[in-house]
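Reminder, nothing fancy here: chain letters follow the sequence lines and each chain counts from 1. The model shown is predicted, which means the values in this text are computed figures rather than measured ones.
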Amino acid sequence: MEEINELIAQRRQKLEDLIEEGINPYPNNFTPDALSGEISEKYESLDGETLREIEDVFTLAGRIMTKRVMGKAAFVHIQDRKGKIQLYLKRDSVGEESYRQFKKFDIGDFVGIRGRVFKTKTGELSIDVSHVELVVKTLRPLPEKWHGLTDIETRYRQRYVDLIVNPGVKEIFIKRGRLIQHIRNYLMERDYLEVETPMMQPIPGGATAKPFMTYHHALDMDLYLRIAPELYLKRLVVGGVERVFEINRNFRNEGISPQHNPEFTMLEFYQAYATYEDLIDLIEDMLSSAAKELTGSHKVVYEGQEIDLTAPWDRLTVNEAILKYSDADESILTDRTKAFDYAKKVGLEPEERWGLGKILTEIFDEVAEAKLIQPTFITEYPTEVSPLSRKNDDNPDIVDRFELFICGREMANAFSELNDPIDQRERFEAQVAEKDAGDEEAHFMDADYIRALEYGMPPTAGAGLGIDRIVMLLTGSSSIRDVLFFPHMRPEEGRKSAAKELKEK
RNA sequence: GAGCCGCUAGCUCAGUAGGUAGAGCACCUGACUUUUAAUCAGGUGGUCGUUGGUUCGAUCCCAACGCGGCUCACCA
């Protein structure tokens with residue numbers, strides 16, 4: 001459906017006029033040799049006198065962001081990947097014909113220019129343009145220069161426009177890239193191998209979550225989008241890949257919120273002959289160094305609160321955290337009936353089939369999680385809620401596991417891995433019973449994973465980190481949508497998605 | 001899935017005790033060879049989210065729906 005809009009129609013007319021004049025509106029032969037930001041950096045501090053002696057001619061290309069025409073001269077700002085720079089175009093410098101064409105260029109169009117640096121009367125470093133040509137004619141007007149684009153929906157749906165007019169957006173994604181690079185370097189320096197494991201899995205495992213389903217036609221088989229790479233990465237440890245990591249997407253068929261997107265990026269890494277305590281040290285160091293590298297400080301301000309990422313971070317057990325952040329009596333920690341009643345008291349709806357461990361975990365989530373603002377490692381999780389973790393040697397009711405909380409949010413989950421195949425089979429069986437009892441998120445039985453463990457997995461510790469949440473913390477973003485280029489959205493035109501329309505045909 | 005709020009020009013926003021709408025920027029025409037929210041003069045531009053209902057008449061009142069945001073639930 002063609003949009004009828006006066007502004008677009010005018011630009012189409014200009015496009016046709018250009019073509020008629022023999023000008024290619026989409027050429028591909030202009031090669032810039034300079035960038036706005038680099039020129040600014042190099043010459044900004046020099047005064048006009050000094051600049052006059054610099055005879056270098058720079059070739060730049062960029063998008064016109066502002067345009068002020070004063071008869072036979074004009075000022076424009078162009079934007080390239082390193083920023084913006086002002087151009088000064090005089091009819092007498094670029095020639096009558098070029099200047100006449102230039103006056104038809106619109107804000108948003110790409111131009112290629114050549115010229116020398118100078119400073120204007122008001123002291124702004126600019127390019128005195130001697131040559132200008134059209135590089136791309138654009139058909140849609142940009143949002144206005146002053147208020148810009150603020151409509152959240154449009155910013156997410158048309159991220160390309162957001163990126164053009166809101167410079168802070170790109171900064172977030174540059175940081176995101178640098179964080180991932182930092183993590184990658186950090187692990188590779190420690191002899192980890194980066195791998196990719198299946199996104200489409202016949203049995204979705206490694207987490208408690210509702211999976212997406214898909215279907216392979218040629219094989220006539222159902223597949224799930226992965227909820228975690230965990231079981232595949234541990235198969236690799238069995239195979240002798242003793243240090244391994246993957247940074248990739250997980251998919252969970254659950255609600256959307258400022259902290260949740262259906263697909264999100266997870267780092268998982270596994271190290272043989274390490275314990276969960278080794279990973280506490282590693283994560284502490286990896287993330288605090290990341291903060292230092294990305295923000296220049298170990299302290300970041302998030303939603304008005306200063307978060308201090310300087311190591312070491314606080315440690316509490318699940319039980320300690322419950323007692324610290326609630327008025328619960330110590331007796332609930334060992335007495336299921338008392339725990340059950342206390343859970344109800346704090347507003348939970350505990351189910352009869354829940355054991356003490358599950359109840360305590362739920363109480364912890366309810367009373368303590370939101371209060372863990374400064375980075376805190378929570379340890380001693382109940383075995384009941386940790387089907388893939390190694391039991392503690394001294395107390396089989398808890399596992400060698402921790403979760404990391406910052407700003408009241410779970411940032412990481414890690415444990416010494418369960419490598420006893422008989423124990424693992426029993427845990428899966430308990431999960432299958434949960435599933436049969438109606439828990440949609442309980443684990444499936446994964447017989448091949450048991451078989452792999454029967455070949456022997458070295459004692460191993462592994463961790464998962466929500467990359468998006470780390471990026472949110474380090475960029476001060478309060479919504480996960482602000483750290484994803486294309487957050488999930490319903491289709492613009494009603495609820496009917498393209499896939500549904502296809503099905504109906 | 002539930003509650004609350006929002007949806008008016010390309011963008012940012014006003015507005016109408018119910019009588020089919022305004023501003024700034026952008027755009028068009030003209031003037032202007034150091035401007036920077038350039039300036040000056042004139043002008044164009046809207047099925048007021050969608051569909052119904054009430055009404056002589058709805059952008060405004062009512063209902064349903066759509067999309068978005070926030071909160072809750074689920075979760076990382």
- Task: Among residues two or more places apart or on two chains, list those pairs meeting ring-ring contact (aromatic ring centres under 6.0 Å, His included) that have a residue in residues 357-387 of chain A.
- Result: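 ring-ring contact (aromatic ring centres under 6.0 Å, His included) check on residues 357-387 of chain A returns W313(A)-F377(A), F364(A)-F405(A), F377(A)-F402(A).
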
- Task: State which residues pass side chain to side chain donor-acceptor pair (under 3.5 Å) with S416(A); sequence neighbours excluded, sorted by chain then number.
- Result: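 Once residues adjacent in sequence are excluded, S416(A) has no partner under the side chain to side chain donor-acceptor pair (under 3.5 Å) criterion.
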
- Message: Can you list everything that forms a side chain to side chain donor-acceptor pair (under 3.5 Å) with T120(A)? Sequence neighbours excluded, please.
- Response: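 Side chain to side chain donor-acceptor pair (under 3.5 Å) list for T120(A), sorted by chain: T122(A).
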
Consider the side chain of [X], meaning its heavy atoms from C-beta on, and name the nucleotide among [options] that approaches it most closely.
X	options	answer
R68(A)	rU35(B), rC67(B), rC28(B)	rU35(B)
T120(A)	rC25(B), rC32(B), rU34(B)	rU34(B)
P141(A)	rG10(B), rC11(B), rC32(B)	rG10(B)
D106(A)	rU12(B), rC28(B), rA26(B)	rC28(B)
E144(A)	rC13(B), rC25(B), rU33(B)	rC25(B)

- Item | Strand-adjacent residues in residues 151-160 of chain A, judged by heavy atoms under 4.0 Å from RNA chain B |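 Going residue by residue through residues 151-160 of chain A, the ones with a heavy atom under 4.0 Å of RNA chain B turn out to be D151(A), I152(A), E153(A), Y156(A), R157(A).
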
Could I get a table of every N or O pair under 3.5 Å where one atom is in the protein and the other is in nucleotides 40-44 of chain B?
| from | atom 1 | to | atom 2 | distance (Å) |
| --- | --- | --- | --- | --- |
| rU44(B) | O2' | E6(A) | OE2 | 3.1 |
| rU44(B) | O2 | E6(A) | OE1 | 3.2 |
| rU44(B) | O2 | E6(A) | OE2 | 3.2 |

Which residues pass the salt bridge (charged side-chain N to carboxylate O under 4.0 Å, His left out) test with [X], sequence neighbours left out?
X	value
E349(A)	none
R353(A)	E351(A), E434(A)
E230(A)	K234(A)

- Message: Show me the dot-bracket string of RNA chain B, counting Watson-Crick or G-U pairs under 3.5 Å, with | for pairs to another strand and [ ] for crossing ones.
- Response: (((((((..((((.....[..)))).(((((.......))))).....(((((..]....))))))))))))....

- Can you name the residues that form a side-chain contact (heavy atoms from CB on, under 4.5 Å) with I172(A), not counting sequence neighbours? T475(A), S477(A), V483(A)

- What residue pairs, at least two apart or across chains, pass salt bridge (Lys or Arg N to Asp or Glu O under 4.0 Å) with a residue in residues 149-159 of chain A?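 Listed by first then second residue: E153(A)-R157(A), R155(A)-D162(A), R159(A)-D162(A).
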
- Task: Would you kindly check whether a donor in the side chain of Q86(A) faces an acceptor in the base of rU35(B), or vice versa, at under 3.5 angstrom?
- Result: yes

Would you give me the side-chain donor-acceptor pairs under 3.5 Å for residues 107-119 of chain A, sequence neighbours excluded?
| from | atom 1 | to | atom 2 | distance (Å) |
| --- | --- | --- | --- | --- |
| D109(A) | OD1 | T138(A) | N | 2.9 |
| D109(A) | OD1 | T138(A) | OG1 | 2.6 |
| D109(A) | OD2 | D106(A) | N | 2.8 |
| D109(A) | OD2 | K137(A) | NZ | 2.6 |
| R116(A) | NE | I54(A) | O | 3.3 |
| R116(A) | NH2 | R52(A) | O | 3.0 |
| R116(A) | NH2 | I54(A) | O | 3.2 |
| K119(A) | NZ | E44(A) | O | 2.6 |
| K119(A) | NZ | L46(A) | O | 2.8 |

- Does the ring-ring contact (aromatic ring centres under 6.0 Å, His included) test come out yes or no for F485(A) and F173(A), once each step is laid out? CA-CA 8 Å; F485(A) 272 130; F173(A) 290 96; 3.7 Å; yes

- Query: What form does the base of rA17(B) take, syn (within 90° of 0) or anti?
  - Reply: syn

- E441(A) near the nucleic acid: base, sugar-phosphate alone, or nothing, with a heavy-atom cut-off under 4.0 Å? sugar-phosphate

- Look at all strands and tell whether M489(A) reaches a base, only sugar-phosphate, or nothing, counting heavy atoms closer than 4.0 Å.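 Here M489(A) touches the backbone only, sparing every base.
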
